[in-house]
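Quick caveat: nothing in here was measured; it's all calculated off a predicted structure. For the numbers below, each heavy atom of this structure counts, side chains included, while hydrogens, waters and symmetry mates do not. Ligands are counted one by one from 1 in listed order, and the atoms in each one are counted from 1 as well.
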Amino acid sequence: MNKFESYGLNPKLLKGIQEMGFEKATPIQEKSIPFLLEHKRDLIALAQTGTGKTAAFGIPLLQNAEPHGKTPQYLILCPTRELCVQIATELEKFCKYMPEIHLTAIYGGANIDSQIKSLKRGTHLIVATPGRMQDIIRRKKVDLGGIKTVVLDEADEMLNMGFQEDLNSILSETPKQKNTLLFSATMSKEIANIAMDYMVDPLEITVGKKNVGSKNIRHMYYLAHIKDKYAILKRILDLNADIYGIIFCRTRHETKDTADLLMKDGYDVDALHGDLSHAQRESVMSKFRHKNLQILVATDVAARGLDVTNLTHIIHYNLPEELELYTHRSGRTGRKDATGTSIAIISPRDIGKIKRIEKIIEQQFTEAPIPEASQILESRIASLARRIEGLEVDHKHLSPHMNEFYKKLENLDKDEIIQRFLTIELKPFLDFYKNGHSIKAPDKHSRDESRSGGNRSFGGGKPFRKGGSSGKGGFSQKSKSWKGQGKKSPSSSKKKY
Ligand code: AMP
């Protein structure tokens, strides 16, 4: 664990911290303090109470606080008056030797006039419960126009206690350009919605119980040249006809680009990311939940609101920045007795990350060879055979027409008829893969590509539209009734053809 001295803190702040007996940072502090000191970026931290959250956000705020000016710079919202007092007390101790920094605690059940007086005198940090804060806003006794960072502590509890509307209203008083730090023990759908509505590209960190992966999940990776990444993604989807899964991307931009390309190439996909409105997100999630959508392309944050866990595949188009998120992602498959597959498409420079993830999940990855055209066709034929086998035939309506049908095809023998049916069903694949060319994986030890673009250009649309098997003329995945494979399904007919 890191010593607080290594963070380059204001000596007066460090003295306060040391006086409290803090020597080394707790895991959440280790992750968030250097990050918040260096970056002006939103943060979601999943951590239980008692992990040292207060210092995790409090120390960077106190370090960055500007002693000049009277308007508040930081607003910390928490669910209960007890927690409010506890946070304020701890922050007061940290800044014991920084008399120029003022702090105001605002919570119900205490005298509002003295709280207003403290605000009037000038304050840098406000720690507040939402109800009393709203009261003071309504009385026009506070100006939140100078807020640089809002902390939502125990955000899950605030929502459980019905503070959603108060939060909306308070946050609307703060400037658009600010940082939001969200601390929560759990990541529920409602928290994901807050993240989506109020945060921009947040970094997610998790501490607490080590999230060891389910043993039902097979972990594999494909090594890819950056230019081939999209083509390989398509091959993975083509190989796995019955896939019901999520493709994880790292940014909204990459999510949109990848989903657009796949849609254009005829796959049954939709995108889920923070640029969609609340209603749009709900609609995409509902489609996916009801299996009216086969593949979702999503950012980590957006997918948090989705309570679907029975997926067949998780595809990591890019590994998450925070490697522990890998377990959250892949944990959506391999639930109960089902087996699932988690597939990462990586460049050679990600091998180190794979090794680190192996330690986290306590399982090994296998390196998979890039699917060959012949393998894909074989798999599609096998999948078709399964569908045919499980199909319920509508004898009643078909039988009267069979003689006529056989008469029309009397010049063809059985083999010929079957092959023609296969051609109809598999035509897009046959056309697309007829040249049967292979995609070569990069050498595992070459790290050159990381210098010439790295992950940033992964999924960036244009580079992989040209050349390779990712060119135009893909097949129409939608022409195969995925949902109807071997099962009776009322909506499969809707999707068919
Ligand atoms: P919190 O999760 O912020 O409520 O912190 C839980 C308890 O751990 C509080 O009593 C803190 O004072 C204490 N604490 C937090 N960080 C540290 C640290 N780095 N070293 C020792 N104690 C700590």
Mark up the atoms of ligand 1 that fall under 4.0 Å of a heavy atom belonging to [X], in ascending order.
X     : value
Thr26 : 16 (N), 17 (C), 18 (C), 19 (N)
Thr51 : 2 (O)
Glu90 : 11 (C), 12 (O)

**Prompt:** Does the ring center of Phe22 lie less than 6.0 Å from the ring center of Tyr7?
**Reply:**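 So the answer is no for these two rings.
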**Prompt:** What part of Lys24 sits under 4.0 Å from ligand 1 if we count only heavy atoms: the side chain, the backbone, both or neither?
**Reply:**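 It is the backbone that gets close, since no side chain atom is under 4.0 Å.
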**Prompt:** Any N or O of Phe4 that comes nearer than 3.5 Å to an N or O of ligand 1?
**Reply:**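 N/O-N/O distance below 3.5 Å does not exist for this pair.
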**Prompt:** Is the Lys NZ or Arg CZ of Lys15 less than 6.0 Å from the centre of Tyr97's six-membered ring, within 45° of the axis?
**Reply:**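 That pair qualifies as a cation-pi contact.
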**Message:** Quick test of your reading of the structure: of Gln86, Glu154, Lys93, whose heavy atom lies closest to atom 4 (O) of ligand 1?
**Reply:**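 Nearest option to atom 4 (O) of ligand 1, by heavy atoms: Gln86.
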**Message:** Counting only heavy atoms, tell me which of Thr89, Leu83, Asp153, Thr54 gets closest to atom 3 (O) of ligand 1.
**Reply:**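 Minimum heavy-atom distance to atom 3 (O) of ligand 1 goes to Thr54.
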**Asked** Hey, what's the ring geometry for His102 with His124, parallel, tilted or perpendicular (30° and 60° as the breaks)?
**Response**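 Parallel: the ring planes of His102 and His124 meet at under 30°.
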**Request:** If the plane angle is over 60° it's perpendicular, under 30° parallel, otherwise tilted; pick one for His316 and Phe248.
**Result:**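 Parallel.
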**Item:** Over all atoms of both residues, closest heavy-atom pair of Ser184 and Asp156
**Value:**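 Reported closest heavy-atom pair: OG-CG, 3.1 Å.
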**Prompt:** Quick one: does Thr123's side chain have a donor or acceptor within less than 3.5 Å of a partner on Pro72's backbone?
**Reply:**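 It does not hold such a pair.
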